[in-house]
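Just so we're on the same page: letters track the sequence lines, and every chain starts at 1.
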Number of protein chains: 2
Amino acid sequence: MALGEFDLIARYFQRPAAGKHAAVVLGIGDDCALLTPRSGMQLAVSCDMMVQGRHFFADTDPERLGHKALAVNLSDLAACGARPLACTLALALPEANEEWLSAFAGGLLQLADAHGCTLMGGDTTAGPLNICITVFGEVPVNTALLRSGACVGDDVWVSGTLGDAHLALRALQGHKMLPGKALALARQRLEAPTPRLALGQSLRGIASSAIDVSDGLLADLGHILAASAVGAEVRADRVAALLAVHALPANERPVLTTAEMRQCTLAGGDDYELVFTAAPAQCHAVAQAAAAAAICVTRIGHITATPGIRLVDAQGVTVEQAYAGFEHFSVNKP
Amino acid sequence: MALGEFDLIARYFQRPAAGKHAAVVLGIGDDCALLTPRSGMQLAVSCDMMVQGRHFFADTDPERLGHKALAVNLSDLAACGARPLACTLALALPEANEEWLSAFAGGLLQLADAHGCTLMGGDTTAGPLNICITVFGEVPVNTALLRSGACVGDDVWVSGTLGDAHLALRALQGHKMLPGKALALARQRLEAPTPRLALGQSLRGIASSAIDVSDGLLADLGHILAASAVGAEVRADRVAALLAVHALPANERPVLTTAEMRQCTLAGGDDYELVFTAAPAQCHAVAQAAAAAAICVTRIGHITATPGIRLVDAQGVTVEQAYAGFEHFSVNKP
């Protein structure tokens with residue numbers, strides 16, 4: 001008996017109607033899913049594609065992979081201040097491995113359920129492993145956090161911890177040895193990131209701009225600066241202190257050079273924290289929003305009129321070092 | 001100089017704001033796109049993934065591929081009676097080949113523009129060629145055409161011509177020789193299908209159920225029957241007559257056996273016509289809707305209470321032949 005496309009969807013991804021978000025009128029099983037957005041709301045839509053060997057290793061735990069595939073999309077909703085409603089999943093698979101599929105669906109649906117995000121449709125096909133998720137969230141009209149709102153004088157903030165995902169990547173690639181607990185902690189950050197949805201929604205009306213850290217702090221902050229036509233001064237020492245592994249007991253803490261700490265935290269990527277800007281007068285409101293979302297936030301710099309990012313140390317002296325963000329293509333043009 | 005992800009999006013896919021649909025508030029260039037659906041409308045969402053070697057040949061003309069990638073998605077909106085609003089595009093590419101990208105984007109955006117469908121976001125990455133599009137359409141609340149509405153006694157209709165796409169596939173795979181004009185016509189049907197959007201919208205309130213023919217007439221009609229808990233009697237001779245190549249002059253017409261004609265039209269797939277049901281009393285309304293959409297429709301059978309599809313000839317005698325639909329996985333289960 002063959003496990004066809006339709007069996008596969010029904011077996012692993014179709015849920016009882018009771019699990020559906022109220023906005024999802026019709027889910028998996030027709031040509032289209034139907035969604036009824038609430039009055040006064042805009043729909044925020046984002047789409048990410050993950051490819052084996054590029055975004056994850058072939059041996060990544062499928063449950064974590066299911067989690068991460070949705071998490072990186074929900075993180076885009078978080079960066080806009082949107083509340084998740086639903087998602088679609090397109091999946092190319094080399095083979096219909098039932099054990100893998102069950103674990104992948106489990107990881108994805110557990111995170112979806114935790115955020116009220118209904119899997120309402122999708123597509124499956126044979127092919128090199130590729131996961132493409134589109135998420136839909138709602139945000140009250142004209143309240144979405146954009147990249148383009150940063151103003152000169154605004155503080156630059158980042159949520160949570162930074163750089164551990166890249167540290168795990170370095171370790172898994174064999175470039176760095178880590179103590180067991182440090183590896184487990186860093187790997188958790190790489191493979192099972194937490195989208196900052198509560199924080200994003202709390203920051204509506206407070207933050208002047210926001211983005212999630214997927215390609216690296218400097219690269220992603222760079223997108224805010226470009227969209228807002230401003231620059232920034234960033235305290236490299238404060239950013240380097242944001243590694244979660246720093247908080248481990250001394251005997252479990254990895255030994256990292258300043259260059260390594262900076263590389264991980266400034267250019268690492270895959271952290272899925274929020275970097276955002278807010279007027280200095282909003283400082284207290286930012287702290288309250290963070291407390292409400294149960295996440296710490298750190299002020300790492302401020303917006304300037306001079307284009308680009310100036311990295312400085314605790315004494316305000318410029319740190320001369322270039323950190324590239326994650327780019328998917330590097331092709332020489334004529 | 002490297003052609004990075006962001007350059008690539010900007011160069012080939014980002015459009016002037018003037019080209020945007022009114023519902024698209026914010027397009028490419030932020031974490032999320034923002035969409036404001038109109039009051040009284042539901043959002044119809046569909047998602048298809050196309051993989052090289054599975055859904056298209058490596059040497060497929062990239063302009064036609066861009067057209068088809070969007071067309072198969074728009075066809076799902078057509079089957080629901082929805083009007084296109086916007087789409088997202090996720091693209092995995094082995095290399096950033098500018099000539100290929102320019103042609104692909106051209107084909108996709110030309111079809112998008114023809115139907116007022118704004119490309120509002122997406123993702124690009126390196127990886128084995130994979131195209132994943134999610135489309136968004138609007139349909140007045142409670143008017144979407146579903147698979148589940150077919151009733152015993154309803155007529156079964158199909159739009160346009162059927163089977164030529166599969167005939168082209170057989171020719172391109174070397175299984176069938178076709179005269180030049182027949183090959184060109186069939187290949188056009190395979191590589192540049194026309195989504196029946198006007199017909200789908202015209203059939204709201206008239207058709208009792210609808211689906212688009214992507215996997216083959218019998219397989220797709222089978223989805224209507226399963227969702228509606230009914231069966232159907234289908235005239236194999238009327239369906240076999242639906243090949244577009246039949247209309248060519250005698251010296252350009254391919255010689256096809258009855259078995260070949262049936263295989264192509266009943267099980268071929270990739271036609272992206274609409275198969276739909278309507279009460280006999282709606283016969284005139286169906287003809288008017290088809291005329292308004294400038295497409296012919298053919299009555300090929302009727303809905304019965306007996307589960308499954310009974311194929312009959314012009315004399316009402318059962319045609320004993322099994323035709324499988326397109327399934328993406330065939331894996332032996334224990």
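- Ranking Val135(B), Asp48(B), Val139(B) against chain A, the residue ahead of the rest is Asp48(B), based on heavy-atom pairs under 4.5 Å.
- Ile133(A) CD1 to Asp123(B) CG: the interatomic distance, rounded to the nearest 0.5 Å, is 11.5 Å.
- Residue contact with chain B, scored on non-hydrogen atoms closer than 4.5 Å, is absent for Ala226(A).
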message: What verdict does the side chain to side chain contact (heavy atoms under 4.5 Å, CB included) test give for Met49(A) and Leu91(B), after you've listed the backbone C-alpha separation in whole Å, the side-chain angles of each residue and the deciding distance to 0.1 Å?
response: CA-CA 8 Å; Met49(A) 179 174 266; Leu91(B) 198 54; 5.8 Å; no
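- Interface check for chain B: of the options Leu77(A), Val51(A), Leu129(A), Leu89(A), the most heavy-atom pairs under 4.5 Å are formed by Val51(A).
- Residues Leu43(A) and Leu34(B) have side chains not in contact (no heavy-atom distance under 4.5 Å, counting atoms from C-beta outward).
- Looking at Thr88(A) and Val45(B), their side chains come closer than 4.5 Å, going by heavy atoms from C-beta outward.
- Note that the CG atom of Leu35(B) and the CG atom of Leu35(A) stand 10.0 Å from one another [nearest 0.5 Å].
- Residues Asp76(A) and Cys32(B) form a side-chain contact, since some pair of their non-hydrogen atoms from C-beta on lies under 4.5 Å apart.
- At a threshold of 4.5 Å between non-hydrogen side-chain atoms, the residues His55(B) and Thr125(A) count as touching.
- Only the backbone of Ala210(B) comes within contact range of chain A, with heavy atoms under 4.5 Å apart.
- With a 4.5 Å cut-off on non-hydrogen atoms, Asn97(B) does not touch chain A at all.
- Proximity to chain B (any heavy atom under 4.5 Å) is shown, for Asn73(A), by neither the backbone nor the side chain.
- A 4.5 Å side-chain heavy-atom check between Pro128(A) and Asn130(B) finds every atom pair outside the cut-off.
- Contacts of Ala144(A) with chain B are made by side-chain atoms alone, with heavy-atom separations under 4.5 Å and no backbone atom involved.
- Heavy atoms closer than 4.5 Å to chain B are found nowhere in Ser39(A), neither backbone nor side chain.
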